[in-house]
Amino acid sequence: MTEPVWGPVHADIVDLLADHPEDVPAVVDHLTKLQDLLVRLPPLERSCPLADFNRLYLTITSRVLEGLYDDYFADPVFLSRLDVEFAARYFDAMRLWTESSPTTPRAWSCLFKRMKGPDARPLPSAAAGVNAHINFDLPFALVTTFDHLESEPVDGTEQHRDYLKINDIFADKIPSLRRGYLERWQLLLDMLNGDIDDWYQGELVEYTRDVAWRNAQKIWRCRHDPQARDGERTRLDDNAAALGRLLLSPLGAFLQ
């Protein structure tokens with residue numbers, strides 16, 4: 001008999017993924033419950049590779065929710081919708097993997113395949129998840145958000161400026177998040193490097209999210225052409241999968 005994808009917490013994860021969060025508080029609730037389940041996944045338990053990413057995602061999304069409560073964003077309707085659409089793609093990828101579907105995005109599969117591997121370090125695992133979510137999921141989440149709101153991805157608008165504010169949230173949270181993934185010897189090297197690693201990671205996130213915005217603009221222009229849109233999906237999935245495999249490789253782990 002084949003072992004369930006999610007081991008002893010399989011039924012609980014299936015039940016959780018059966019619901020689609022409709023707002024940002026529900027997304028945070030889903031991510032929180034998912035984290036509680038992922039850290040119980042054997043054989044690694046608390047160091048599950050997907051849990052390493054999910055913890056980062058939960059931290060950033062919780063801060064976005066605080067920003068919505070504090071009127072941090074000029075267009076909260078846009079940010080809320082984007083957050084929900086963005087999360088849906090992560091949960092859908094997990095759902096497809098649970099069903100052993102061949103349509104599971106390759107960008108996510110490279111991380112899901114490492115779930116039972118003892119050689120997946122926390123920082124590369126989190127980075128691989130961020131790669132899949134931003135480089136593959138985010139452009140399509142932007143397109144469906146703008147389509148729902150009957151708007152479009154235009155530079156310099158309130159929506160674009162709110163999108164860029166997420167970079168500031170990453171910059172604020174990256175130092176503590178990144179150090180939480182490091183081993184003792186890595187923390188010593190990090191201390192010797194000063195702030196350069198935090199600056200570099202912040203710049204990388206900003207660049208990656210800018211590329212995602214540009215890709216969303218490209219998809220937006222061909223959104224009514226199924227062949228062109230599918231071509232963009234394949235291109236972005238292939239590129240993100242290649243980068244994900246690099247991040248999870250011994251070389252990628254060394255570079256991080």
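None of these values were measured; they are calculated from a predicted model.
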Open item on the list: Going by the rule side-chain contact (heavy atoms from CB on, under 4.5 Å), which residues pair with Arg214 if we only count those two or more places apart in sequence or in a different chain?
Closed with: Asp155, Asp210, Gln217
TODO: Could you pull out all residues at least two apart from Asn131 that satisfy side-chain hydrogen bond (donor to acceptor under 3.5 Å, both in side chains)?
DONE: Asn135
TODO: Identify, with sequence neighbours excluded, every residue that meets side-chain hydrogen bond (donor to acceptor under 3.5 Å, both in side chains) alongside Thr103.
DONE: Ser101
Open item on the list: Please enumerate all residues that pass side-chain contact (heavy atoms from CB on, under 4.5 Å) together with Asp237, with sequence neighbours excluded.
Closed with: Pro105, Arg106, Ala107, Phe136
Open item on the list: I'd like to know if Leu17 and Leu96 are part of one continuous hydrophobic network [Ile/Leu/Val/Met/Phe/Trp/Tyr, side-chain heavy atoms within less than 4.5 Å].
Closed with: no
- [ ] Establish whether Leu149 and Leu142 are linked, either directly or via other cluster members, by ILVMFWY side-chain heavy-atom contacts under 4.5 Å.
- [x] yes
Task: Any side-chain heavy-atom pair of Arg235 and Asn239 under 4.5 Å - done: yes
Task: Leu58-Leu65 co-clustered via ILVMFWY side chain contacts under 4.5 Å - done: yes
Mind listing the side-chain donor-acceptor pairs of residues 219-231 below 3.5 Å, one per line with the distance, residues two or more places apart or on another chain?
from   : atom 1 : to     : atom 2 : distance (Å)
Arg223 : NH1    : Trp220 : O      : 2.6
Asp225 : OD1    : Gln227 : N      : 3.2
Asp225 : OD1    : Ala228 : N      : 3.2

Task: Contact summary for Pro122 and Asp52, nearest pair of heavy atoms - done: CA-OD2, 3.2 Å
TODO: Treat each ILVMFWY residue as a node, draw an edge where side-chain heavy atoms are under 4.5 Å apart, and state whether Leu164 and Val130 are in one component.
DONE: yes
- [ ] Would you give the length of the straight line joining atom CZ of Arg209 to atom CG of Leu138, rounded to the nearest 0.5 angstrom?
- [x] 6.0 Å
- [ ] Check the side chains of Glu85 and Thr144 for a donor-acceptor pair under 3.5 angstrom, ignoring hydrogens and angles.
- [x] yes
Open item on the list: When you group the ILVMFWY residues by side-chain heavy-atom contacts below 4.5 Å and let the links chain together, are Trp213 and Ile166 in the same group?
Closed with: yes
Open item on the list: Quick check for you: to the nearest 0.5 Å, what is the distance between His148 atom NE2 and Glu150 atom CD?
Closed with: 9.0 Å
Open item on the list: Side chains of Gln159 and Asp75 only: does a donor on one sit below 3.5 Å from an acceptor on the other?
Closed with: yes
TODO: Carefully, step by step, assess Trp108 and Asp137 under the rule side-chain hydrogen bond (donor to acceptor under 3.5 Å, both in side chains).
DONE: CA-CA 10 Å; Trp108 281 110; Asp137 291 338; 2.9 Å; yes
- [ ] Would you check if Tyr72 and Leu79 make a side-chain contact, meaning some heavy-atom pair closer than 4.5 Å?
- [x] no
Open item on the list: To check you understand the geometry: which heavy-atom pair defines the closest contact between Thr104 and Ser109, and what is its length?
Closed with: CG2-OG, 3.4 Å
Task: Nearest-0.5 Å distance that lies between atom CG in Leu41 and atom CG in Leu50 - done: 8.5 Å
Open item on the list: How close do Ala93 and Phe112 get, counting heavy atoms only, and between which atoms?
Closed with: O-CE1, 3.6 Å
Open item on the list: When you compare the side chain of Lys113 with that of Leu248, does any pair of heavy atoms fall below 4.5 Å?
Closed with: no
Task: Distance, nearest 0.5 Å, that separates CG of Leu56 from OG of Ser125 - done: 11.5 Å
Distance-only check: which donor-acceptor pairs under 3.5 Å involve side-chain atoms of residues 18-32, not counting sequence neighbours?
from  : atom 1 : to    : atom 2 : distance (Å)
Asp23 : OD1    : Ala26 : N      : 2.9
Asp29 : OD2    : Lys33 : NZ     : 3.1
His30 : NE2    : Leu16 : O      : 3.0
His30 : NE2    : Asp19 : O      : 3.3
Thr32 : OG1    : Val28 : O      : 2.8

Task: Thr61 side chain reached by Phe86 side chain, heavy atoms, under 4.5 Å - done: no
- [ ] Salt-bridge test for Asp92 and Arg95: reply yes if a basic N is under 4.0 Å from a carboxylate O, no otherwise.
- [x] yes
TODO: Flag the pair Asn54 / Tyr90 as yes when at least one side-chain heavy-atom distance between them is below 4.5 Å, and no otherwise.
DONE: yes
Open item on the list: On a heavy-atom basis, which atom in Cys110 and which in Arg245 lie closest, and how many Å separate them?
Closed with: CB-CG, 4.0 Å
TODO: Flag the pair Thr157 / Phe78 as yes when at least one side-chain heavy-atom distance between them is below 4.5 Å, and no otherwise.
DONE: no
Task: Distance in Å, Thr145 OG1 paired with Leu82 CG, rounded so as to fall on 0.5 Å steps - done: 4.5 Å
Open item on the list: I'd like to know if the side chain of His160 reaches the main chain of Gly156, judged simply by a donor and an acceptor atom lying under 3.5 Å from each other, with no hydrogens or angles considered.
Closed with: yes
Task: Rounded distance (nearest 0.5 Å) linking atom OG1 of Thr59 with atom CZ of Phe170 - done: 10.0 Å
TODO: Decide yes or no for Leu38 and Trp6: does some side-chain heavy atom of the first lie under 4.5 Å from some side-chain heavy atom of the second?
DONE: yes
- [ ] Check Pro49 against Leu111 and note the closest heavy-atom contact, atom names and distance.
- [x] CB-CD1, 4.0 Å
